[in-house]
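One structure below.
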Amino acid sequence: MNQPREPKGAPGGTGGRFRENPASGVSGLPGLDMHVPLNIAGRRVAALPVGSAPLDGCPVKSQPKEFFRLDRGRPGAVAFRDCLKSIHETKYGKAVDVHPVEDYEDCDLYVTENGRTGFALRGDELISVFSLPGEHGGDAAVAQAVRQGARRLDCYDIGGGLPAFYARHGFRPIARVAWDDEYAPDDWPAVLGRPDVVAMAVTDNPPESVPYTDYDSALEAARRAVDA
């Protein structure tokens, strides 16, 4: 691997390190094998630094964030799930889907060093985006997710907020699913109303008119939009 490294004896003990991460091209990060220990949610886990992503076109209050990809396996999945424990206590927290630990074992999990902002990737599907109060890290999380391969998602349309938020990062509405009380999350706050679910994808060919359909068909439509 012919990646440029810092010379031996470089200041700050950086001699021998890659000048760029061979995987991401992010300057100043260690090489592919340079995993680091993180203490998040009271747990010690191994992770790989992946850097930060540009926040072009995002609100001024959005804060850039350095992310780490947790090593796959039970410890990382449990730590990620623990990071999400308090999200449902926030005003719009119920709009974040929190999955069982077993689901996260099959995902690529990304968090900031303090564990207060993160997201999960299930293939090219973005799930469980979160940023706890005071972090202003939502845009940083989605920008990084797209950089890591996120191309589709579904979200609640609460006053247009989430679809507009994801649209800043290239996602377009593909299909809608009307609210169904039978599938409402437990303890859903009445103040959030009965919003549609919107399936979105990164695509150059979104539908001119977004159709209503059932949930499974909406997800399949987003999947097809990515492949188109």
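The figures here come from the full heavy-atom set of this structure, side chains too, leaving out hydrogens, waters and symmetry mates. Each residue takes its place number in the sequence, starting with 1. Given the structure is predicted, the values throughout are model-derived calculations rather than measurements.
- With hydrogens and angles disregarded, a donor-acceptor distance shorter than 3.5 Å links the side chain of Thr90 to the backbone of Ile87.
- A pairwise comparison of heavy atoms in Ala77 and Leu109 identifies CA-CD1, 3.7 Å as the closest pair.
- Between the side chains of Asn114 and Thr112, at least one donor-acceptor pair of N or O atoms lies under 3.5 Å.
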Output, in order, the C-alpha distance, side-chain angles, deciding distance and verdict of side chain to side chain contact (heavy atoms under 4.5 Å, CB included) for Arg116 and Ser131.
CA-CA 6 Å; Arg116 291 178 57 83; Ser131 188; over 6 Å; no
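- Side-chain contact of Asp186 with Trp188: a donor-acceptor pair under 3.5 Å is absent, judged by distance alone.
- Judged by distance alone, the side chains of His88 and Asp187 never bring a donor and an acceptor atom under 3.5 Å apart.
- Pairing each heavy atom of Val146 with each of Arg151, the nearest pair is O-NH1, 3.1 Å.
- Contact record, Pro195 with Trp179: O-CE3, 3.3 Å, taken as the closest heavy-atom pair.
- Aromatic rings of Phe80 and Phe119 (six-membered ring for Trp) have centroids beyond the 6.0 Å cut-off, not under it.
- In this structure, the side chains of Pro59 and Arg168 come closer than 4.5 Å at one or more pairs of heavy atoms.
- Taking a 4.5 Å side-chain heavy-atom cut-off between Ile, Leu, Val, Met, Phe, Trp and Tyr, the cluster of Tyr183 contains only that residue.
- If you check the side chains of Asp180 and Tyr215, you find no donor sitting under 3.5 Å from an acceptor.
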Result block: side-chain N/O donor-acceptor pairs under 3.5 angstrom for residues 221-228, not counting sequence neighbours:
unit_1: Arg223; atom_1: NH1; unit_2: Glu220; atom_2: OE1; d: 2.5

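- The closest side-chain heavy-atom distance from Ser86 to Leu132 is below 4.5 Å.
- Partners of Arg72 by salt bridge (charged side-chain N to carboxylate O under 4.0 Å, His left out), not counting sequence neighbours, listed by chain and number: Asp108.
- Counting heavy atoms from C-beta on, the side chains of Val202 and His169 never come closer than 4.5 Å.
- Scanning all heavy atoms of the two residues, the minimum distance from Leu55 to Ala143 falls at CD2-CB, 4.0 Å.
- Side-chain contacts under 4.5 Å among hydrophobic residues (ILVMFWY), followed directly or transitively, place Val78 together with Val101.
- Annotation for Tyr212: hydrophobic cluster partners, listed by chain and number, are none (ILVMFWY side-chain heavy atoms under 4.5 Å, direct or chained).
- The shortest side-chain heavy-atom distance between Ile127 and Asp97 does not fall under the 4.5 Å cut-off.
- Closest approach of Ile158 and Leu192 over heavy atoms only: CG2-O, 4.1 Å.
- Ion pair Arg74/Glu102 flagged as a salt bridge, since at least one NZ, NE, NH1 or NH2 atom sits closer than 4.0 Å to an Asp/Glu carboxylate oxygen.
- Proximity of a side-chain donor or acceptor of Lys65 to a complementary backbone N or O of Glu135 within less than 3.5 Å is detected.
- Centroid-to-centroid, the aromatic rings of Phe67 and Tyr110 stay 6.0 Å apart or farther.
- Counting only heavy atoms from C-beta outward, the side chains of Glu125 and Leu153 never approach each other to under 4.5 Å.
- Contact annotation: the side chain of Arg194 approaches that of Asp181 to within less than 4.5 Å [non-hydrogen atoms, C-beta and beyond].
- Between the Arg152 side chain and the Ala199 main chain, no donor and acceptor come within less than 3.5 Å of each other.
- Considering only heavy atoms from C-beta on, Glu66 comes within 4.5 Å of Ser52 through its side chain.
- In the hydrophobic clustering of ILVMFWY residues, with side-chain heavy atoms under 4.5 Å counting as a link, Leu162 and Met200 come out together.
- Contact annotation: the side chain of Phe171 never approaches that of Pro163 to less than 4.5 Å [non-hydrogen atoms, C-beta and beyond].
- Linking ILVMFWY residues whenever their side-chain heavy atoms come closer than 4.5 Å, directly or via other members, places Phe130 and Leu70 in the same cluster.
- Taking all atoms of both residues into account, the shortest heavy-atom contact from Asp124 to Gly149 is CB-O, 3.5 Å.
- Remark: side-chain polar atoms of Tyr104 are paired, donor with acceptor, to backbone N or O of His99 under 3.5 angstrom.
- Gln144 places a side-chain N or O within donor-acceptor distance of the main-chain N or O of Gly51, the cut-off being under 3.5 Å.
- Taking a cutoff of 4.0 Å between a charged side-chain nitrogen and a carboxylate oxygen, Arg43 and Asp82 qualify as a salt bridge.
- For Glu182, the salt bridge (charged side-chain N to carboxylate O under 4.0 Å, His left out) test picks out no residue, with sequence neighbours left out.
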